[in-house]
There are 2 protein chains.
Amino acid sequence: MTVRVVLADDHQLLREGVAALLDRTSDIEVIAAVEDGVAAVDITSELGPDVVLMDVSMPVLNGIEATRSIVREQPAVRVVVLSMHADPHTVSTALAAGASGYVLKGCAAAELVAAIRSVAGGRGYLTPAVTGGVLRELSELRSTVVPALTSRERVVLQLIAEGHSTGAIALLLGISAKTVGTHREHLMAKVGVRSVAGLTKYAVRQGVTTLDHGE
Amino acid sequence: MTVRVVLADDHQLLREGVAALLDRTSDIEVIAAVEDGVAAVDITSELGPDVVLMDVSMPVLNGIEATRSIVREQPAVRVVVLSMHADPHTVSTALAAGASGYVLKGCAAAELVAAIRSVAGGRGYLTPAVTGGVLRELSELRSTVVPALTSRERVVLQLIAEGHSTGAIALLLGISAKTVGTHREHLMAKVGVRSVAGLTKYAVRQGVTTLDHGE
DNA sequence: GGCCACAATCAGAGAATTGCTGATTTCCCG
DNA sequence: CGGGAAATCAGCAATTCTCTGATTGTGGCC
């Protein structure tokens, strides 16, 4: 079970150095090293590696776009982005493009190996220096794209997901059925869904209810 | 981390013999041995053991009822039923009463120890001689209690769980909305649920749809 | 203090869905 | 050749949904 790796970076010295480092590891094999994004896409579709180690800044086609292309065409291939910078924007763009891992060029060889093994195993890898920013970005996106639910809405969501009818919820909460309907509409609008089925899935994902019993 | 065990059996010789066997094992300690079901319930609520080793046939209160009582009052206590017979009815009754394990009196000491360790660790234990019967019983129950869905019903279930309305499903399938409604009713009746929320959860559990996107 | 945004509440009216009963057709199995 | 189950559809009353519009209370902000 060796992990087959394609390396894409526009600096020859880095390519050779990283290849040497990785080849010291018995379970990782560098099967190709290319110097631009187009070559990375081509060689990946030809060789079908397990992991592509992708530099961000490359001529012809940058690493982000190359990642997007590879992930779209070969979802089984995992991409680890190798970058000089830890700025949250680059990181989240790379991850949005479909990268499974993100490591900095300043990292130790051991970390690079850990990242490759992690993504080859189907997990992800984020170098500690960027995780904070990613989490912050994530929560910001969550709150702007998906507005926070109000406490009342959360209660109604839970009851809906538990299978209660509008009338039943109104009785339980001691409010009018009309109000429950309004809450439901607000919920659907916020969650971006237009059915009880969608609301229920959202509730399950959010942990507001369980999948346990039928309702 | 020794496992504290209460032993309940109406034959003194068996109590002494099993206690001796278990005490040879360093991580298992028999803290009490009683001779009827009532005493088992009493001593269990008093001592709070990790595991109760429970004979099925006992005077005053049989092992099944004693198990039911113990599990209801002290859910943290695990019960291993010790029985002479492997008949599926006894086994499934015992498991339905809340037993976590089932071993035969004809088993080796090593198996008893394995069973006790397993249930103490929060898992279950079924002696191989009875697993076949239990699985058969289970699938029979499944098919009678939860009748198999027809292929058409599965299709409708999926579409409902994906958030489509009755009218939309009718269009997609090229049938009347009334028919879709009938399918939905049959689904709810079979699944034992009376809401789209319940159906959606069932669909997710069954893998008919995913939790991914909202709808 | 006044203003504004928003949560929470409710209502009206027409459209859609639900729940229940009942029926027909087709098809497979013994 | 039945018998039964699956799949289809209808009628009808009750409920729910959708959309629009409105009121009240609260908290933050100038």
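Chain letters run A, B, ... following the sequence lines, proteins first, then strands; residues in each count from 1. This structure is a prediction, so every number in the text was calculated from the model and none was measured.
The side-chain heavy atoms of K190(B) and T150(B), taken from C-beta on, include a pair separated by under 4.5 Å. Residues L159(A) and L173(A) have side chains in contact (heavy-atom distance under 4.5 Å, counting atoms from C-beta outward). No side-chain heavy atom of M54(A) sits under 4.5 Å from any side-chain heavy atom of L82(A). Side-chain contact check for Q74(A) versus S45(A): some heavy-atom pair is nearer than 4.5 Å.
Of all nucleotides in DNA chain C having an atom under 4.0 Å from a heavy atom of chain B, the first and last in 5' to 3' order are dT17(C) to dC20(C).
Place H183(B) and E185(A) on DNA chain D by their nearest nucleotides, and H183(B) ends up nearer the 5' end. In terms of position along DNA chain C, the nucleotide closest to E153(A) lies nearer the 5' end than the nucleotide closest to the other residue of the pair E153(A) and R184(B).
Remark on the helix from dG1(C)-dC30(D) to dG30(C)-dC1(D): inter-end axis angle 40°, axes from five-pair C1' superpositions, rounded to 10°.
Looking at Y102(B) and S83(B), their side chains do bring a donor and an acceptor atom within 3.5 Å of each other.
Within residues 172-180 of chain A, the residues that have a heavy atom under 4.0 Å from DNA chain C are, in order of number, I175(A), S176(A), K178(A), T179(A).
The side chain of S165(A) places an N or O atom within less than 4.0 Å of a non-bridging phosphate oxygen (OP1 or OP2) of dT16(D).
Atom OH of Y125(A) sits about 3.0 Å away from atom CD of E111(A), to the nearest 0.5 Å.
Rounded to a whole Å, the CG atom of L199(A) is 16 Å from the P atom of dT16(D).
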